[in-house]
Amino acid sequence: MQLLFFNVFNGLLQGVFYALMALGLALILSLSSVINMAHGGFLIVGAYLAFTLTPYLGFWGALVVGPLLAGVFGLIVEQTLVRWLYKRPDPLYSLLLTFGLALIIQDLTRTIWGAQGLPAAVPEALNQPLSTTLFFITGYRMVILAITAVVTIGLYLTLRYTLVGIRIRAGTRDLETVASLGVNIYKLRALNFAAGCFFAGLAGALASGILGLTPPMGDSLLMPTFVAVIVGGVGSLAGAVLGGLLIGVAAGITTTYYPAASEAVIYLIMLVVLVIRPRGLMGKESIFE
Amino acid sequence: MSLGPAGFNRRHGILILLWAALITVPLWLPHVGGYSALGSKILIYGLATMGLNIVFGFTGGLSFGQAAYFGIGAYGAGLTLKFIAPSTPLAIIVGTLAGGLAATILGPLVMRRRGIYFAMITIAIGQLFYFVVVRWNNVTGGEDGLAGFERQPIHLGGYTLPLDQTRFYYLVLLCFTLGVILMRVLLHSPLGHTWVAIRENRRRMEFLGVRTDLYVWASFAIAGLITALAGTLNAMLFNFTSPQDLHWILSGDFVMMIVLGGMRNFWGPLLGTAIFVIAQDYLSSVTGNWMTFIGLIFVGIVLLFPKGLLGMVDRGARPA
Amino acid sequence: MGKRVTRREVLKAGLGAGALALGTPAILTYGQGEQTIKIGDIDPLTGNYAAEGESQIRGAKMAMAEWNAKGGVLGRKLELVVEDNASNAGISAQKAHKLIDQDKVAMLIGSVSSASALSITQVAHQAGMIFMVTGGHTDPITGSQCHWSTFRICTTTYMLAAGLAGTLHKKFGGKWYFLTPDYAFGHTLQESYQSLLKKLGGTDLGASLSPLGTNDFSSYLIKAASTNPDVLINLTDGQDRINSLKQAAQFGLFKKFAIGGGLSELEVLQALPPEARTGWATLEWWWDQPHTPHVKEWVAAYQKAHPDGSYPSARTWFGYAAMHSVALGITRAKSLDAVKVARVLEGMELPPEVKLQPNRVYFRAADHQLMSSEFPGEAIPDGKYPNIFKVSQIIAGDDVALPATATGCTLDYPA
């Protein structure tokens, strides 16, 4: 019983991480209807840049600047490649374009930094458990939790109370009307895409403290992120966070009883959700249905 | 393909040329830097993608989990050869039916959805099959793949036909031809036309009283059957199969091949497959950065040739 | 309109270039020349095992350079044709076909993952070509799925376990819990450790099977900790090992019980931050052997050829030994005929400047497995690269391998 409790708690912590990634993906999907298969690519860009900058800016400095640069990189990608796809209603094209982009990013990362794993480290103070029985609650994971919470709240406040946030929210409902009201939707979409990539880069920089820093690092994180977004509901940011937490807990529970299935169970959940209620837990009916 | 006036025309000419080229592959392929396993692989993947295109391009269902049926066919064939009987025809039949059966059983889950939801369901199904295959490692060999079987010579009456590279290529060509004939017949039948109509406007078809669900189901099942057939041949080409033959990344590659060649065109997938397989084979021998080039091809096709190469050529033709 | 014309031109140009390119032979070849003997090397340059693959290729190239400097093999220079399998077993088989049918290689070497090794052995066996497995560890390769055409350099999982089990038991105690990657390598390694544990009279507390490519090991580590082991036997390799050790360190588990066992590699040690770089494991070769002749010179030669500050790893040595073995086999058989070379390789001992370790290193005749040594030892947390591992002893392969009769291998020479 204690094992189950531990695993659920642990699953929540893992889910927080998925939520962070799902948030970025959902942001891009909701406003621009772009299925960003390169999300994992921006993740490793953030991670590698943070690692490279750490000797100069320290752990915390790099943690801020690395993801910001990933966001800038996302902006460049959006301006040069993605924005040509907005005119096309079929989401297939954004999927394939970003699929190809993911290959390019991973290969360039391997070329620049090498295939050998890099020893990304976490400050000594954070690198220990906060309690001996609940040893899986480490200082570092608390930091991840805190940062995700801050960023999520920050996003919520931005969307709720700032002008650009309101425009983005309106845009997810009806982009055409927003455009006809005189808002520059090109800038809006660019900013939105960059923000999504910032989230991915942040997730990557945080991940490199727990995972080995190698070019294929983002591959296995991509699909769970999509699952989280679908389960939570396409078009809902709160849903993305919820979806992330949910699949983290589900994976945790499964690991207690049948560890080998812990990855498969999230696909099972997605299957069930898609069959019963495709819009997910909190999604809105959209053009995708 | 447009049903032009009866009689010989340019399309027929191109088709005849195509078949002539395919039949003589073992003669000319080595001289242009190919090898017969490459030729077989192109036909096998071409069959898989043409099968996928029945549901993808002609019915409008974004199936991103087609590799599942490819893998089921492959494992079906391999397991048959390894555990049941050393018979190549039996392996082909078992694998193909297994894939078709899986697609038929799972069709109802898929048939009601559209767009990204259709895609994600197919991915979920694919990954679940992937998991089963990896976990059931006593039987399937798990992560390391299924080895220890070999394609067997075919016995016809009293004559034994050993399946070396060249003869196996002709077996692949035979199966490919049968698959193509089946697809051609289906796509030109009322069933096929209904599929296209569903693709164009599903809502309207529903208003007309058509049970679109059932048609999508049929399309999905047949696509699964044909892709599974390709899978059986793939397993026997390399005498090996592994979970990577079920993975969603392979599914994504299949989709790319279709889009590259042109998804509204019957032969589009074959062209796209040929280009993709050759590019990957050639580039990976020449540079360690081949992934960048493949990625650039993806990006380039999406931005510049979204209708695919044959889509560009066919620009004037009526929709299939 | 203008844009349409441009696209068509791009299309035509692309197709033309493609057709032209198809006729050009592979460029990823080294040591070209007339009348060369081509050796095909299928290794990952991209994907999950790219780091290991790179090391293996470097070793093979060094060996090739040495042979070519002395005039080659049978009077002909060696040429290494490298094909990237992208850490994918299916592509490995395809490339094997390509190397055999198109490039007309004489022999094949390579592979990092067991799956790739298995798929290539199938193709090689069917073509009657020797495949010298460089780095795939699963036992069946020289066991139940062995072939007359398959030879292997790296050690078997039983050898890995036998080299360390006793030390772990003596140092830390006999209550063991296993963290096992869920594929053949992990399964056979676990079985080997379990049988050895039984002989030592220890207690088997159970095992957690983690899928290959697991990111989050917390639940497995939680389970392991709940059993209160003396040692957590970590059998993961590569990425999984890096992830599990990093997380175990963060959970402070290294202070609770010993964590060790299994296979480690320089590529893995290098990727770990200091607090995770601790514990006992087995390596299959190590650069720092002050008492073994020729090693220092070889390391120096490696650094001259690769001035990027890196040191050769076990994988580098595998590639080096594989290429040398193939060249030696051809030279001694005075022929390229696969069966003749195979017979010569059986029992062949590697000369000191190739084996680069003490003990007798030779190919066992019954299963074609190279009896190379195990290097168990302890990782050094506060060491600076490359001094991040301390070898405790170098155990002869002979002493730790399963007897040939117990491997399940029956060689199937053609009649």
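Throughout, a chain's letter reflects where its sequence line sits, starting with A, and its residues are numbered from 1.
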Exercise answer: donor-acceptor pairs, residues 178-187 of chain C side-chain atoms, under 3.5 Å, sequence neighbours excluded:
unit_1  : atom_1 : unit_2  : atom_2 : d
T180(C) : OG1    : Q190(C) : OE1    : 2.7
D182(C) : OD1    : R135(B) : NH2    : 3.2
D182(C) : OD1    : H187(C) : NE2    : 2.7
D182(C) : OD2    : R135(B) : NE     : 2.8
D182(C) : OD2    : R135(B) : NH2    : 3.0

*Against chain C, label N137(B) side chain, backbone, both or neither, depending on which of its atoms sit under 4.5 Å from a heavy atom there.*
side chain
_Is there a side chain to side chain contact (heavy atoms under 4.5 Å, CB included) between Q94(C) and Y35(B)? Walk through the geometry before answering._
CA-CA 10 Å; Q94(C) 184 187 336; Y35(B) 48 105; 3.6 Å; yes
*Can a donor-acceptor pair be found between the side chains of S284(B) and E83(C) at a distance below 3.5 Å?*
no
*Quick one: of E150(B), Q165(B), M291(B), Q280(B), who has the most non-hydrogen atom pairs under 4.5 Å with chain C?*
Q165(B)
*Residue-level contacts of residues 118-133 of chain C with chain B, using a heavy-atom cutoff under 4.5 Å*: L118(C), S119(C), Q122(C), V123(C), H125(C), Q126(C)
_By ring-ring contact (aromatic ring centres under 6.0 Å, His included) - contacts of F254(B) (at least two apart)_ = Y45(B), F70(B)
*Give, for atom CG of L29(B) and atom CG of D101(C), the distance between the pair rounded to the nearest 0.5 Å.*
10.0 Å
*Distance-only, no hydrogens or angles: does the K98(C) side chain make a donor-acceptor pair with backbone N or O of D281(B) under 3.5 Å?*
yes
*Quick one: which of A147(B), G141(B), A279(B) has the most heavy-atom pairs under 4.5 Å with chain C, could you say?*
A147(B)
*Where do A115(C) and F240(B) come nearest, in terms of heavy atoms and distance?*
O-CZ, 3.6 Å
*Going by residue number, which parts of residues 139-151 of chain C are within reach of chain B, meaning a heavy-atom gap below 4.5 Å?*
Q145(C)
*Given K95(C) and S285(B), is the side chain to side chain contact (heavy atoms under 4.5 Å, CB included) satisfied, shown in steps?*
CA-CA 9 Å; K95(C) 295 297 185 170; S285(B) 300; 3.6 Å; yes
*Backbone N or O of A89(C) within a donor-acceptor pair of the Q244(B) side chain at under 3.5 Å?*
yes
_OG on S40(B) to NE2 on H97(C), rounded to 0.5 Å_ = 8.5 Å
_Counting only non-hydrogen atoms closer than 4.5 Å, does F149(B) touch chain C with its backbone (N, CA, C, O), its side chain (CB onward), both, or neither?_
backbone
*asked:* How long is the straight-line distance from OG of S242(B) back to CD1 of I91(C), given to the nearest 0.5 Å?
replied: 10.0 Å
*Hey, could you give me the OG/CZ distance between S92(C) and F238(B), rounded to the nearest 0.5 Å?*
10.0 Å
*Can you tell which part of I100(C) gets under 4.5 Å to a heavy atom of chain B, answering side chain, backbone, both or neither?*
neither
